Amino acid sequence: MAAQLPAQAGALPDFVLRQFDPASGDPDHRQLYRILQSGIRTAVLPAGLKLPPSRAMAQALGIARNTVVHVYEQLALEGYVQAGVGRGTFVAAVGPRLAGFAGLAAQPLQPARRAALSSRGSQLVEQAGAAPLQWGAFAPGVPEVRMFPSQVWNRLQAQVWRAATPQQMSYATGHGDAGLREAIATYLQGTRGVVCTPEQVVVTSGTQQSLQLVAQLLADPGDTVWLEDPGYWGARSVFRALGLKLEPVAVDAEGLAPSAAQLRAPPRAMFVSPSHQYPTGALMSHGRRRQLLEYAAAQGAWVVEDDYDSEFRYGARPLPALQGLDDKGRVIYLGTFSKTLFPALRLAYLVLPPELVDSFARALNELFREGQTLQQAVLARFLAEGHYATHIRRMRAVYGARHDALIAAIAQQFGSQLPVIGGDAGLHLVLGLPQALDDRAVVQKVLRAGVATRPLSMYYMRSPAPAKGLLLGYGAVREEEIAGYFALLARAVQGFL
Ligand SMILES: Cc1ncc(COP(=O)(O)O)c(C=O)c1O
């Protein structure tokens with residue numbers, strides 16, 4: 001618990017002190033930034049309020065003064081506070097400008113509701129990573145949903161509904177549609193080198209739900225989970241919300257790279273994206289895969305493999321899944337239809353070691369009830385009749401062309417001034433920015449120009465973030481529109497260089 005602020009430190013509502021948790025595992029600067037930013041957005045910290053001097057704030061929270069200075073500077077850059085030399089730092093009047101581009105930003109929570117949240121609920125909301133804008137240039141991770149073959153889907157849906165049984169429309173057992181489990185197993189064996197039977201597949205309503213099951217069934221609160229750093233904020237949020245201790249592990253060109261000290265303290269589970277590291281795009285090398293599996297088997301740790309978008313690789317063929325190399329039953333394989341079809345479908349799956357299947361199905365049934373049972377049957381037909389493979393082939397060509405157009409636009413605007421990271425697979429790439437640059441401020445500015453991106457620094461748990469950049473998705477923008485949108489973005493970025 002943080003100390004009380006000294007009286008001369010200026011007014012600061014209790015909620016800042018109450019929310020700041022030095023033991024949370026989240027970097028100090030990120031916590032403080034989020035607490036202050038959300039307080040200002042929700043007007044709990046009203047316009048004109050004077051923030052305590054950085055030294056007093058640092059003392060009260062027991063953190064470095066530089067951290068507070070950095071947070072104040074970032075808030076000033078984004079217009080949340082105004083700093084006058086010698087006068088102090090004051091909360092700015094935050095108008096609709098900061099409510100987000102075209103009103104699409106997340107709606108701030110009402111203060112009354114915020115006050116009612118538990119401390120872990122507050123933490124979840126404060127540290128949420130989901131983007132307010134989920135469509136358009138250059139929203140990362142979003143596929144081209146306008147090209148989804150909805151006529152085929154409609155036809156299959158009508159067939160399924162004509163023959164719908166009471167069992168299909170009632171509560172199910174938690175394993176998933178039998179036809180879909182079979183189609184998924186066939187697909188994974190043929191394209192991803194996954195070694196499994198249909199009985200090892202459990203269908204869920206999204207990777208987020210798969211992760212909840214993994215965390216609740218394979219770890220207890222307080223157990224350590226290794227997370228790639230930078231890494232997927234969605235996994236971070238689920239594991240944190242369920243009380244796991246998050247250990248950020250660096251990623252190099254060969255994938256997850258734990259330090260010697262980290263290797264001496266084995267985790268309960270490690271979350272990795274070996275086929276296309278999120279967000280850097282690194283492909284885990286064969287040697288690293290073997291080391292990781294051997295280590296996991298020796299330590300009795302689980303390897304949670306997130307294989308979310310490896311269908312889209314533009315140069316070489318996709319590398320098979322890590323799961324196929326595992327002969328000790330330590331890998332939990334996660335797949336999703338969010339990238340290959342469309343995110344709102346909310347269908348995903350786990351491939352589990354056989355002895356875990358029934359426990360996962362039972363827990364899924366117990367906690368969530370199985371979802372989308374008739375949609376699962378439609379999807380089973382969509383896969384079995386070859387429409388899925390056709391759609392992926394078609395989209396690979398579309399994304400390949402968009403990827404090339406974006407690379408060309410970057411070269412035209414910046415030459416080789418800014419590096420492109422991880423640009424040969426998936427639905428996004430990272431445009432590197434100089435380390436001294438505040439990539440969050442760039443994202444805010446670009447958003448005002450009508451372009452959605454995400455700052456690389458938000459994917460890091462370590463502070464300060466070891467690299468800066470912008471995640472640029474090319475799934476949700478037409479090839480012919482890419483140069484124009486990128487020119488808008490480039491103009492905004494130039495202002496910072
Ligand atoms: C790294 C990563 N894994 C998985 C997913 C898919 O999540 P879901 O299946 O819940 O849509 C995403 C979506 O953004 C992602 O970025």
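Model, not experiment: these values are computed from the prediction. Numbering starts at 1 and runs along the sequence shown. Each ligand, and each atom within it, is numbered from 1 in the order the structure gives.
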Exercise. Evaluate whether atom CD of E182 has more than 12 neighbouring non-hydrogen atoms of other residues, nucleotides or ligands under 6.0 angstrom away.
Key: no
Self-check item: ring-ring contact (aromatic ring centres under 6.0 Å, His included) partner of Y278, the single match among F271, W233, Y459
Solution: Y459
Quiz item: Using a 4.0 angstrom limit on heavy atoms, which residues are close to ligand 1?
Solution: G206, T207, Q208, Y232, Y278, D306, Y308, T336, S338, K339, R346
Self-check item: From L456, V442, L429, residue fulfilling side chain to side chain contact (heavy atoms under 4.5 Å, CB included) relative to L470
Solution: V442
Quiz item: Do other residues, nucleotides or ligands put more than 12 heavy atoms under 6.0 Å from the CD atom of E480?
Solution: yes
Self-check item: Pair listing, ring-ring contact (aromatic ring centres under 6.0 Å, His included) test, anchored in residues 325-367, at least two apart
Solution: F148-F342, F337-Y349, F337-Y388
Quiz prompt | Quiz item: cation-pi between R369 and Y171, 6.0 Å / 45° | solution = yes
